Amino acid sequence: MRYIPHTPEETQQMLKSVGLRSVAELFSSIPESLHMEKPLNLPEPLDEASLFRHLEALAGKNRIAAPHRSFLGGGVYRHFIPSAVKNLIQRSEFVTPYTPYQPEIAQGTLQVIFEFQTMAAEMFGMEVANASLYDGSTALGEAILMALRLQPKRKIVLIPRCLHPEYRQTVQSLLKNFDVSLVEIPLSPTGGVDPGAVGDYLKEEIAACVFPYPNFFGIVENNRELIQRIKDQGGLIIFCVTEPLSLGLFESPGALGADIVCGEGQSLGLAPSFGGPFVGLFATKEKYVRQMPGRLCGMTTDSKGRRGFVLTLATREQHIRRERATSNICTNQALCATQMTVYLSLLGKQGFQKLAQLNWQRAEYAKETLTQIKGINLAYPKVVTFNEFVLKLPTAADLVLKELKQKEIEGGIALGRWYPELGNALLVNVTELNETEDIENFAAALKETVHGLP
Amino acid sequence: MRYIPHTPEETQQMLKSVGLRSVAELFSSIPESLHMEKPLNLPEPLDEASLFRHLEALAGKNRIAAPHRSFLGGGVYRHFIPSAVKNLIQRSEFVTPYTPYQPEIAQGTLQVIFEFQTMAAEMFGMEVANASLYDGSTALGEAILMALRLQPKRKIVLIPRCLHPEYRQTVQSLLKNFDVSLVEIPLSPTGGVDPGAVGDYLKEEIAACVFPYPNFFGIVENNRELIQRIKDQGGLIIFCVTEPLSLGLFESPGALGADIVCGEGQSLGLAPSFGGPFVGLFATKEKYVRQMPGRLCGMTTDSKGRRGFVLTLATREQHIRRERATSNICTNQALCATQMTVYLSLLGKQGFQKLAQLNWQRAEYAKETLTQIKGINLAYPKVVTFNEFVLKLPTAADLVLKELKQKEIEGGIALGRWYPELGNALLVNVTELNETEDIENFAAALKETVHGLP
Amino acid sequence: MILEEPLLCEQTVPGRQGYSLPEPGANLPPKEFLRQAAAKLPEVSEVDVVRHFVRLSQQNYSKDVGLFPLGSCTMKYNPKTTDAAAALTNFAQAHPMISEEEVQGNLELIYELQNYLAEIGGMDAVTCWPAAGSHGELTGMMMIRAFHASKGNPRKKVIIPDSAHGTNPASAAICRYEVVTVKSNQDGILNPADVKAVMDEETAALMITNPNTLGLFEKNIQEICEIVHKQGGLVYCDGANLNALLGIVQLGKEGVDVLHFNLHKTFSTPHGGGGPGAGPVGVKKKLEPFLPTPLIIKENGRFNLEMARPQSIGRMKAYFGNFGMLVRAYAYIRELGPAGLRRIAEMAVLNANYIRKGLEKTYHLPYPSPSLHECVFSDKLQKETGVKTLDIAKRLMDYGFHPPTIYFPLIVHGALMIEPTESEPKASLDQFIAAMKAIAKECEETPELVQTAPHKTFRGRLDEVKAARELKLRY
Amino acid sequence: MILEEPLLCEQTVPGRQGYSLPEPGANLPPKEFLRQAAAKLPEVSEVDVVRHFVRLSQQNYSKDVGLFPLGSCTMKYNPKTTDAAAALTNFAQAHPMISEEEVQGNLELIYELQNYLAEIGGMDAVTCWPAAGSHGELTGMMMIRAFHASKGNPRKKVIIPDSAHGTNPASAAICRYEVVTVKSNQDGILNPADVKAVMDEETAALMITNPNTLGLFEKNIQEICEIVHKQGGLVYCDGANLNALLGIVQLGKEGVDVLHFNLHKTFSTPHGGGGPGAGPVGVKKKLEPFLPTPLIIKENGRFNLEMARPQSIGRMKAYFGNFGMLVRAYAYIRELGPAGLRRIAEMAVLNANYIRKGLEKTYHLPYPSPSLHECVFSDKLQKETGVKTLDIAKRLMDYGFHPPTIYFPLIVHGALMIEPTESEPKASLDQFIAAMKAIAKECEETPELVQTAPHKTFRGRLDEVKAARELKLRY
Ligand SMILES: Cc1ncc(COP(=O)(O)O)c(C=O)c1O
Ligand SMILES: Cc1ncc(COP(=O)(O)O)c(C=O)c1O
């Protein structure tokens with residue numbers, strides 16, 4: 001077995017040295033009755049070539065459209081990943097160390113985390129960011145728990161319906177056992193947060209309100225006035241960003257008044273990978289840092305006065321604070337955070353802006369082109385969106401998608417599953433990978449489909 | 001431009017520092033009349049995403065069969081390449097240094113070369129090997145030139161017709177300007193080196209005789225007696241090995257009496273890559289080392305007495321000896337040599353034997369299975385082959401291959417192009433990637449094809 | 001020669017580019033939405049970026065250069081094969097929002113992995129959604145709470161041994177349970193009587209780790225499970241140390257009701273400098289109704305997702321867990337097969353015992369009971385020379401080794417917790433033992449050499465107090 | 001911390017495996033064919049192998065960690081993009097023996113690359129088959145010989161300047177030409193008169209490098225070409241230094257008849273620790289009939305291979321050159337476009353001049369003519385302190401830099417030949433200049449520090465004499 005170096009001779013030699021006669025004796029501290037009698041009932045081993053043949057056959061059962069023929073978003077975005085990212089992220093020195101508990105021989109990982117924290121904070125316009133959480137949805141859970149810790153007497157958290165439905169579900173599960181009301185704020189007529197509905201809860205019990213930015217429909221609302229009203233009531237403002245690329249163009253959460261920003265970093269250099277591993281982003285104000293969940297890397301000096309980095313404020317964490325920790329998280333998404341850091345380093349200040357602009361422009365072009373099809377309209381015609389928008393179709397979105405798939409096009413996400421009130425609504429995402437001709441092909445196929453269906 | 005760091009400000013600053021006012025002035029030493037007036041007539045730049053879309057479309061114009069549905073060999077062999085090889089070989093530290101002229105900061109490359117030399121020599125059963133040549137065909141050219149240097153008075157070199165035809169062509173080009181007869185030895189009735197024809201040249205002028213091992217038809221001949229007769233005449237024995245994996249099973253060239261062994265390392269861990277880059281192997285006896293072409297790495301010690309490696313015997317090479325060098329080669333195939341070294345390290349002593357055995361067994365099974373088809377026979381029924389053999393078909397091999405390709409099978413190589421005398425002959429290669437079911441599928445398809453064709 | 005490398009922000013040259021993008025057009029969204037101050041990301045070329053990360057990477061010690069004997073972390077060799085498996089286009093490019101029809105391959109893989117893990121752990125059903133061990137604990141404890149709630153009383157307390165990992169009490173706390181700590185006995189394991197003493201009908205569960213964090217098998221596990229079950233409680237097992245038991249013991253057979261797996265430990269998905277991981281959870285039949293959504297259902301050879309499960313604890317994370325890690329674990333199990341998995345346990349335990357034997361005369365072994373996959377020493381014998389565990393750990397770096405886990409478990413004062421794993425060759429164990437012995441000698445002869453270690457690393461000992469006091473968390 | 005690493009053979013443990021293969025059956029070929037003594041390959045695990053190569057790699061300096069200013073070698077940044085391009089399945093998995101029909105993509109790519117290179121060099125036709133620069137030289141000189149032979153006399157001699165790279169005379173020699181060396185003048189370039197003095201009707205060609213290996217433009221090139229042409233000779237240009245001229249000068253327009261390109265220099269295919277490269281050759285119309293086979297012919301949008309070319313020099317290598325390198329160069333040219341290529345030349349020349357300016361007061365500049373892409377200093381000013389070029393080179397390592405090319409070109413005594421390339425940022429040039437100045441100071445103040453350098457590298461100065469004397473070329 002290529003991963004286990006022991007030869008029979010070495011095994012014998014080592015057994016002898018530990019004073020045992022057989023491998024079985026190594027397990028003599030385990031009560032006899034617990035020992036398995038038969039081998040595990042699992043498939044027999046495969047050599048590597050056969051394994052890949054098997055895996056390719058399995059992967060071949062998926063039907064995956066080419067990225068430029070896909071218009072899928074909904075929290076997971078198709079962006080081009082530069083080859084340099086893929087090359088660097090495979091390096092053993094990033095892939096195979098543990099959490100950098102021994103900083104003298106982990107400066108590489110630590111400095112990357114420090115740079116990741118810097119970039120996440122910059123992007124969000126916040127003061128500090130942590131070293132990553134699992135993903136956007138669990139980061140939102142942590143954000144709410146943190147807000148509750150900061151506001152221990154307050155019991156109401158507002159979650160708008162225009163937030164990613166699976167994020168809402170995740171948060172609902174997490175908070176089920178807490179003595180807290182999670183209140184769903186209905187959709188406004190423009191597909192956003194209904195200010196009137198929020199108004200109903202503007203009282204002392206409000207701990208926090210979540211603002212998806214852009215929201216699940218791709219809509220960018222800055223809600224300046226509403227945010228101020230919540231703040232006036234002492235409520236904390238949580239921004240949740242599933243497409244951080246939008247921040248190359250749109251005002252930062254920090255500038256809009258966020259106290260906590262959480263989000264998903266997938267769109268910044270990670271493959272869709274059927275939903276994970278991704279990277280949960282988390283940023284806040286410096287004054288709240290001791291209530292933050294997750295690891296933090298800080299700058300310091302070594303015995304010779306040279307600059308170096310270490311994990312810090314560990315007293316917040318489970319391995320020190322145990323049941324009173326700010327979170328139970330231990331293993332996080334470090335390698336994904338590294339990947340995002342490499343990606344953002346390449347994009348840089350200008351690239352981040354340009355790519356955002358390109359995404360916005362392509363989506364605007366798609367809006368125009370697709371709404372020229374008879375019977376197809378924007379669900380929310382007058383709103384500002386980033387690279388995603390909702391179309392109203394004349395027929396069932398599910399069926400349309402199925403037909404499009406016959407033409408090897410992934411047309412988007414049918415919203416009926418989560419928003420029956422929206423009717424035949426289709427969420428369409430357009431990134432830099434969808435060029436003009438792809439958008440036009442899509443329009444042609446959609447037209448044919450919609451008019452072909454009953 | 002992401003590969004050129006200069007910003008306009010830096011450019012100005014640097015120009016100023018060198019005392020120039022414009023970029024154009026940098027080229028003032030070039031006569032005016034030579035300056036291009038227009039930009040190069042080349043396609044406009046592509047961003048990386050568009051570049052890959054273009055490249056994928058280009059690559060998509062190829063029609064490449066899955067490795068297990070392919071039976072192509074002919075000097076380029078499909079073997080499984082372990083993932084560890086691919087991962088290690090991408091490391092910047094192997095990919096991006098130059099030739100290790102500064103050994104203190106190139107011990108990695110140097111030790112790998114030393115290990116490569118060790119493995120090549122071991123595999124061939126020879127005393128020394130060099131740090132690689134371009135490929136098998138040019139290595140054969142170098143072998144012949146070296147033999148001529150060792151035997152300056154002798155003018156005849158025997159090249160059997162059963163040697164890879166493109167190797168023969170390469171050698172013919174190279175030797176055209178030398179005052180030497182390259183004599184082609186015809187095929188023996190068993191598809192090998194015709195001893196009688198060799199006999200005609202067993203006189204004093206014989207400088208060397210080349211033995212392909214296995215030959216282009218996959219045939220393994222050990223020719224012990226013939227080799228002895230040539231040696232008795234003072235001729236040098238050159239072995240040429242295009243499928244070195246065979247040496248996991250068959251007697252080594254060294255043990256059979258080779259003076260020089262050259263070969264192609266592609267089958268040991270390199271992709272087919274449309275014929276290159278591959279790695280030319282070259283080994284000989286220690287006494288001939290000063291006549292060897294190519295780089296050599298040797299062991300030594302450093303200023304503190306620690307073991308280290310350096311390039312050595314550079315006095316044979318062009319950068320020192322210029323027109324009297326043993327070869328003109330400078331850049332070789334170092335990264336491919338590294339790749340082969342990693343591959344062979346993983347296979348190891350046992351794996352090398354087992355994989356060879358597996359290849360041989362699969363090919364034997366294919367021989368049996370395919371010759372059960374009516375009208376299909378082995379061209380050379382009683383010979384020993386490695387993983388490749390010649391079938392005689394009842395119809396034109398070209399047409400058969402075309403039909404098979406409709407069934408997404410690459411059936412092998414039609415030999416008519418080089419060996420019209422063999423009629424409808426097909427060269428079939430079977431490796432560990434062709435499992436029993438693949439061979440049976442091939443047989444079924446071949447049967448259908450052959451009997452379907454006129 | 002490892003080179004210094006400033007932050008990329010410090011290398012910024014305004015206007016320098018590392019990207020390759022088409023030029024966007026001029027039009028923009030309405031002004032009032034636009035960002036006022038651009039994010040200060042670095043402005044560097046691709047050349048700068050590649051060098052930056054290559055240089056930084058070279059400052060790291062990694063499993064791919066040597067022994068990484070962090071106890072409880074199971075730092076085994078990570079196959080390149082399984083990384084390549086996860087990178088296969090149709091896995092890596094699968095978008096999680098497409099219909100079940102189009103991802104039958106993924107669903108089949110996860111479904112089969114669930115079955116494999118159930119078999120390995122002796123459990124009835126498995127969910128693959130949790131993103132790491134701790135997330136698995138949370139998922140498991142939420143199911144336990146839902147189970148009790150369904151019986152009318154969610155209960156109030158969870159019993160956790162003093163040797164437990166910090167995530168156990170932290171996860172229980174998020175489920176709003178009060179933590180009751182129970183002490184290990186002089187042999188380093190739990191006494192049934194001690195559990196009995198604290199177990200009552202307001203106790204929802206016992207959270208146990210087996211083998212525990214001392215590397216010892218909780219041999220009274222069956223009796224303990226009975227005690228808990230008798231009062232209506234459930235037993236949660238932290239499977240972080242499952243590597244010692246693969247093919248040897250199915251924990252479910254002991255009486256464990258909920259068990260989490262750490263794919264990044266036992267099944268060798270790489271640690272990536274801190275993550276990502278994956279923490280599937282196995283449960284017994286009675287807990288199946290509470291599994292998180294979605295469930296993968298196999299019907300007539302097709303795989304469907306079931307969302308509506310009335311008793312489910314609900315969704316624990318958007319989409320389908322850390323799928324890339326699931327692919328790796330699946331590939332690992334398929335490559336090893338039943339015999340290979342068992343051999344892992346055997347050689348992991350052999351390696352740990354070999355180190356233990358090699359060092360037991362040199363370092364103090366607080367619990368002499370037979371070790372499984374790891375062994376825990378303390379600095380008791382060295383302390384009188386003024387050298388402490390931290391110093392020994394740092395000094396090991398100078399010998400070319402990553403230090404073991406230190407100061408954990410908390411019940412051992414100055415703990416050195418060594419887990420070599422099965423992938424380590426004998427030669428490196430021998431070198432490690434020799435280094436540890438040499439350091440013990442140094443403790444006596446030149447203690448200040450150890451106290452000021454490391455000396456050969458890229459950085460000397462770092463000032464952690466300063467980092468916490470003068471908090472600098474970003475550029 | 002860079003760790004020691006023995007040879008894998010020294011790590012062998014008999015029976016240890018690093019492979020993953022199905023078990024073969026028992027049957028074997030006839031005994032008399034079987035190998036008697038197995039090849040002594042290592043017996044190690046995958047873990048051992050991965051560590052071995054990771055550790056060894058860490059002992060290397062590489063372009064991806066810093067400046068690699070080897071003059072004449074054009075060590076520019078190698079894009080990861082072009083590596084990924086060559087790895088695309090349908091390129092990497094293409095077998096060279098399938099029919100033209102099935103590799104239309106490959107043939108189109110090569111065909112277009114030929115056209116691009118022809119445009120860049122101002123040549124009429126290009127062959128992509130040579131495997132490196134030297135192989136290109138051989139191919140080119142063989143065409144020249146065939147050309148002359150077709151006129152009835154292959155001629156006897158080739159004129160080569162004393163500043164030429166060693167491959168030039170070596171390649172000419174394989175074509176059985178006698179080498180006539182012509183000296184460069186005091187400005188470091190060729191005098192037309194000197195060429196005229198040796199040129200005759202038995203001279204087949206002049207082999208020139210432009211810009212030459214001093215980094216200077218041979219400004220009399222047109223006149224020299226005329227002299228050669230007048231006597232029926234041809235002009236071969238070694239294009240190793242083409243990086244300086246991209247989009248600035250088409251060498252073909254100067255009168256050059258044959259030109260080779262080094263894709264691993266100008267077009268940034270990586271050097272790989274010594275190779276592989278690719279050395280396409282461009283020719284003028286009159287030499288087209290002699291191009292090596294096969295030729296790629298475009299007909300009605302399809303690409304075919306032509307093998308039968310009566311005057312061709314024949315095949316230079318099996319199959320189709322180093323195709324993987326051709327893909328990289330193609331991708332590089334397509335990414336950069338005309339303006340990008342020109343910018344490469346501009347910034348490469350600017351960088352070289354910036355270094356030259358920074359060091360010209362500190363080191364002796366033997367030829368003060370204007371530099372293009374590289375500049376050549378000597379150790380003349382330092383020699384009196386007892387320090388020589390080699391010492392300065394070794395000392396540079398301690399400052400974190402790869403040394404420049406040394407002792408080449410041969411016409412400069414103690415040459416230090418510096419080529420930064422365009423991909424180097426100003427900051428690293430500044431650091432390099434500072435290091436070179438600091439070393440010059442050390443030469444005066446602490447010469448023995450320089451003479452015994454390097455001091456901070458993994459190995460100290462290695463004994464090359466011992467290596468050659470006690471030849472040990474394998475384990
Ligand atoms: C015993 C034990 N339990 C739980 C955990 C937490 O697992 P994770 O880090 O995957 O969240 C660990 C991790 O180190 C552990 O060692
Ligand atoms: C000027 C010059 N000519 C020719 C060559 C030979 O090229 P290659 O190494 O590709 O064979 C070199 C390589 O260093 C060179 O610098």
Side-chain angles (χ1 to χ4, degrees), chain B residues 5 18 26 29 39-40 45 58-59 61-63 72 74 88 91-93 95-97 99 103-105 107-109 118 122-123 134 137 166 169 173 177 271-277 298-300 302-303 308 310 312 318-319 322-323 325 328 330-335 345-346 349 351 357-358, chain D residues 18-19 24 39 41 49 53 56-57 59-64 88 90 92 94-97 102 104-105 131-132 134 166 169-171 173 176 179 217 270 272-277 314-315 318-320 322-324 337-338 349 353 357 370 425 457 459-463 466-467 472-475:
Chain B
V18 301
L26 287 164
S29 64
L40 286 166
L58 203 52
K61 294 183 183 176
N62 293 343
R63 291 188 289 128
L72 282 163
L88 292 166
R91 290 180 62 79
S92 286
E93 294 89 336
V95 176
T96 74
T99 306
E104 295 81 5
I105 49 175
Q107 285 298 301
T109 295
T118 302
E122 264 303 321
M123 206 163 58
Y134 302 135
S137 66
E166 296 196 352
Q169 292 167 358
S173 313
N177 305 322
S273 196
F274 203 45
M299 196 186 274
T300 186
D302 80 348
S303 51
V310 293
T312 192
Q318 44 72 28
H319 64 282
R322 301 179 78 84
E323 63 269 29
N328 68 331
C330 177
T331 289
N332 60 17
Q333 306 280 125
L335 191 63
S345 301
L346 286 168
K349 184 176 159 189
Q357 212 173 320
L358 210 55
Chain D
Y19 58 84
L41 298 174
V49 173
F53 288 98
L56 287 184
S57 76
Q59 299 173 8
N60 278 352
Y61 188 96
S62 71
K63 182 65 188 174
D64 279 0
L88 288 173
N90 267 16
H95 192 286
M97 287 269 192
E102 303 172 48
Q104 286 292 308
S134 186
S171 300
R176 315 311 274 162
V179 173
F217 194 82
R315 181 179 283 282
Y319 319 116
F320 304 105
N322 277 345
F323 177 70
V349 173
N353 278 279
K357 186 74 185 179
T457 50
R459 284 290 179 265
R461 212 176 284 196
L462 286 144
D463 189 343
K466 177 178 172 183
K472 181 124 187 60
L473 302 176
R474 55 171 291 194
Y475 178 71

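Note that the coordinates shown come from a computational prediction; the quantities given were computed from them, not determined experimentally. Lettering follows sequence order; numbering is per chain, from 1.
- When atom types are taken as modelled, the side chain of T96(B) and the backbone of D64(D) share a donor-acceptor pair closer than 3.5 angstrom.
- Contact tally against chain B (heavy-atom pairs below 4.5 Å) for V49(D), L88(D), N90(D), N60(D): the top residue is N60(D).
- Between chain B and the options G337(D), G274(D), G166(D), the largest number of non-hydrogen pairs under 4.5 Å is found for G274(D).
- Note: F320(D) and F274(B) have parallel aromatic rings, judged against thresholds of 30 and 60 degrees for the angle between ring planes.
- The backbone N or O of S171(D) sits nowhere less than 3.5 Å from a side-chain atom of N328(B) that would complete a donor-acceptor pair.
- Closest approach of P272(B) and P96(D) over heavy atoms only: O-CD, 4.5 Å.
- Among A170(D), G273(D), P169(D), the residue making the largest number of heavy-atom pairs under 4.5 Å with chain B is G273(D).
- Of the atoms belonging to K472(D), heavy atoms from both backbone and side chain fall under 4.5 Å from chain B.
- Across S137(B) and A318(D), no two heavy atoms sit closer than the pair OG-N, 2.9 Å.
- Among Q104(D), R176(D), R315(D), the residue making the largest number of heavy-atom pairs under 4.5 Å with chain B is R315(D).
- Between chain D and the residues L72(B), I105(B), T99(B), the most heavy-atom pairs under 4.5 angstrom are made by I105(B).
- Residues A92(D) and A271(B) approach most closely at O-CB, 3.5 Å, considering heavy atoms.
- Counting heavy atoms from C-beta outward, Q333(B) and N322(D) have side chains that approach closer than 4.5 Å.
- At a 4.5 Å heavy-atom cutoff, the contact between S273(B) and chain D is made by backbone and side-chain atoms alike.
- Listed for the E122(B) side chain is no donor-acceptor partner under 3.5 Å among the backbone atoms of L41(D).
- Highest contact tally toward chain B, considering only G105(D), P270(D), G18(D), P370(D), is held by G105(D) [criterion: heavy-atom pairs under 4.5 Å].
- When side chains are defined from C-beta on, Q107(B) does not count as touching T457(D), because their heavy atoms never get closer than 4.5 Å.
- Using a 4.5 Å cut-off between heavy atoms, L88(B) contacts chain D through its side chain alone, with no backbone atom that close.
- Taking every heavy atom of both residues into account, G314(D) and S173(B) meet most closely at C-OG, 3.4 Å.
- Counting only heavy atoms from C-beta outward, the side chains of T331(B) and P276(D) never approach each other to under 4.5 Å.
- Among residues two or more places apart in sequence or in another chain, the ring pair (Phe, Tyr, Trp, His ring centres under 6.0 Å) test is passed with F217(D) by none.
- Options P97(B), G275(B), S29(B) differ in how many heavy-atom pairs under 4.5 Å they form with chain D, and the most are formed by P97(B).
- Both the backbone and the side chain of L473(D) come within contact range of chain B, each with at least one heavy atom under 4.5 Å from a heavy atom of that chain.
- Here the straight-line distance linking atom OG of S92(B) with atom NZ of K63(D) works out to 12.0 Å at 0.5 Å rounding.
- Using a 4.5 Å cut-off between heavy atoms, V95(B) contacts chain D through both its backbone and its side chain.
- Across all non-hydrogen atoms, the minimal contact from S303(B) to G460(D) is OG-CA, 3.5 Å.
- Atom OH of Y475(D) is separated from atom CE of M299(B) by 8.5 Å, given to the nearest 0.5 angstrom.
- At distances below 3.5 Å, not a single donor-acceptor pair connects side-chain atoms of D463(D) with backbone N or O atoms of T300(B).
- Of the listed residues A39(D), P24(D), A467(D), G324(D), the one with more heavy-atom pairs under 4.5 angstrom with chain B than any other is P24(D).
- With a 4.5 angstrom heavy-atom cutoff, R461(D) touches chain B via backbone and side-chain atoms both.
- Both the backbone and the side chain of T118(B) come within less than 4.5 Å of a heavy atom in chain D.
- Contacts of Y134(B) classified as ring pair (Phe, Tyr, Trp, His ring centres under 6.0 Å), with partners at least two apart in sequence or in another chain: H135(D).
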